[in-house]
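Written out below as structure tokens is the structure these notes cover.
All values below were derived from every heavy atom in this structure, side-chain atoms included, with hydrogens, water molecules and symmetry-related copies excluded. Each chain gets a letter, A, B and so on, in the order the sequences are listed, and its residues count up from 1.
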Amino acid sequence: MRIIPASFYRGDDVESIASALLGKILVTRHHDRITSGRITETEAYKGVDDKACHAYGGKRTPRNEVMYAEGGHAYVYICYGIHFLFNVVTNRKDHPDAVLIRSIHPIAGVPTMLDRADKPDLKPNLAAGPGNLTRALGITMDHSGLTLFGPGLHIADDGQQLSNNDIIATPRIGVESAGVDALRLYRYIIRGNKYVSGRRTDPRKA
DNA sequence: GAGTAGATCCTCT
DNA sequence: GAGGATCTACTCA
């Protein structure tokens with residue numbers, strides 16, 4: 001198991017990076033409590049040209065400033081006032097691409113995750129969906145701006161390989177206000193994996 | 001099993 | 001003051 005190097009995040013093809021992150025291991029350590037899980041669902045957000053992206057049109061605010069940092073940083077923000085959402089910043093400095101990590105398959109520290117999520121036993125939704133994921137892993141605004149190579153937060157590769165057949169691309173969730181950009185196949189999930197957010201309504205049906 | 005509505009509060013305009 | 005990259009419980013078939 002090795003920590004993914006900075007070069008992995010600094011390419012300019014955020015779609016490739018988003019699909020390549022599937023199967024990798026996301027690890028957090030907080031007060032010596034280690035929690036980790038295999039990434040099963042991601043979404044690509046393609047910088048200034050993507051209407052669903054916080055940096056669309058070059059928008060730059062204190063909140064999204066981290067997106068303009070060099071690839072390999074964590075971008076965490078609060079959504080709907082209650083959920084933390086965890087993104088991986090990609091591309092070079094001043095190119096604000098990001099990959100939203102939506103779901104993991106819990107591996108290490110399951111009791112800790114259950115404790116944080118206030119759930120009695122392990123179910124597929126323990127860390128499925130971006131809000132549930134950050135809650136289970138203990139990710140908060142304190143993690144925003146950190147690099148993904150430190151002891152408290154990193155993404156590792158345990159050598160597992162996924163073929164193109166194992167990966168499904170779908171439209172992203174919850175971004176219908178982004179018009180045609182909402183239809184782009186920028187969401188990636190592992191085929192047949194239970195540990196994926198189970199939103200039951202398709203935002204495109206309307 | 002599928003669809004709907006309410007909770008909740010930060011950020012930006 | 002409006003809107004948002006969500007989640008969960010509830011209702012209905």
Side-chain angles (χ1 to χ4, degrees), chain A residues 14-15 17-19 21-22 26 37 39-69 71 73-91 95-106 113-145 168-189 194-206:
Chain A
V14 65
E15 296 164 68
I17 296 171
S19 63
L21 279 170
L22 291 178
L26 175 59
I39 297 170
T40 57
E41 180 179 4
T42 62
E43 283 182 3
Y45 284 86
K46 217 169 175 175
V48 298
D49 298 323
D50 181 355
K51 217 171 165 185
C53 181
H54 287 171
Y56 174 65
K59 193 168 87 165
R60 196 163 182 159
T61 68
R63 180 173 80 147
N64 72 5
E65 181 64 31
V66 183
M67 290 189 80
Y68 289 82
H73 286 79
Y75 168 45
V76 183
Y77 70 94
I78 296 174
C79 181
Y80 292 91
I82 40 185
H83 304 294
F84 294 108
L85 272 67
F86 172 67
N87 296 254
V88 172
V89 175
T90 71
N91 213 328
H95 292 260
D97 294 352
V99 176
L100 171 65
I101 309 298
R102 293 186 56 89
S103 305
I104 59 165
H105 174 171
M113 293 193 223
L114 290 171
D115 189 38
R116 286 175 182 148
D118 196 23
K119 290 180 177 168
D121 42 36
L122 176 60
K123 288 185 182 161
N125 73 348
L126 173 60
N132 288 333
L133 177 146
T134 52
R135 193 170 163 198
L137 290 178
I139 294 172
T140 68
M141 291 301 292
D142 291 343
H143 293 83
S144 195
I168 303 174
T170 81
R172 291 171 293 188
I173 289 176
V175 297
E176 49 267 37
S177 60
V180 293
D181 283 339
L183 303 176
R184 297 185 194 285
L185 303 180
Y186 286 171
R187 175 172 174 252
Y188 302 93
I189 58 177
K194 283 184 302 187
Y195 295 87
V196 162
S197 59
R199 195 188 174 100
R200 293 178 291 273
T201 53
D202 185 339
R204 291 172 301 158
K205 71 172 167 46

Of all the heavy-atom pairs spanning Ser144(A) and Val66(A), show the shortest one and how long it is.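 Minimum heavy-atom contact is OG-CG2, 3.9 Å.
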Which atom pair, heavy atoms only, marks the closest approach of Lys123(A) to Tyr195(A)?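 Closest approach of Lys123(A) to Tyr195(A): O-CE2, 4.2 Å.
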Could you state the [atom1]-[atom2] distance from [X] to [N], rounded to the nearest angstrom?
X         : N       : atom1 : atom2 : answer
Ile189(A) : dA5(C)  : CD1   : P     : 21 Å
Phe84(A)  : dC7(C)  : CZ    : P     : 14 Å
Arg172(A) : dA5(C)  : CZ    : P     : 11 Å
Tyr77(A)  : dT8(B)  : OH    : C1'   : 16 Å
Tyr56(A)  : dA5(C)  : OH    : P     : 15 Å
Glu65(A)  : dT11(B) : CD    : C1'   : 15 Å
Asn64(A)  : dC12(B) : CG    : C1'   : 11 Å
Ile82(A)  : dA9(C)  : CD1   : P     : 13 Å

Should the side chain of His54(A) and the base of dA5(C) be counted as holding a donor-acceptor pair, with the cut-off at 3.5 Å?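 Yes, the side chain and the base share a sub-3.5 Å donor-acceptor pair.
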Quick test of the criterion, 5.5 Å between centres and less than 30° between planes. Is Tyr80(A) stacked on dG4(C) or not?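 Here the ring of Tyr80(A) and the base of dG4(C) are stacked, with centres under 5.5 Å and planes under 30°.
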Using Watson-Crick or G-U wobble geometry with both distances under 3.5 Å, which nucleotide pairs with dA7(B)?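 Pair assignment: dA7(B) / dT6(C).
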Are Tyr68(A) and Arg60(A) packed together at the side-chain level, in the sense that at least one heavy-atom pair is separated by less than 4.5 angstrom?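 Tyr68(A) vs Arg60(A): side chains touch.
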Would you say Ser103(A)'s side chain and Val196(A)'s backbone share a donor-acceptor pair under 3.5 angstrom?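 The answer is no, because no donor-acceptor pair under 3.5 Å joins these two groups.
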Taking only side-chain nitrogens and oxygens of Arg102(A), does any of them come within less than 4.0 Å of OP1 or OP2 of dT6(C)?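 For dT6(C), OP1 or OP2 has a side-chain N or O of Arg102(A) closer than 4.0 Å.
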Using a heavy-atom cut-off of 4.0 Å across all strands, would you classify Asn132(A) as base, sugar-phosphate, or nothing?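 Sugar-phosphate, backbone atoms only, no base.
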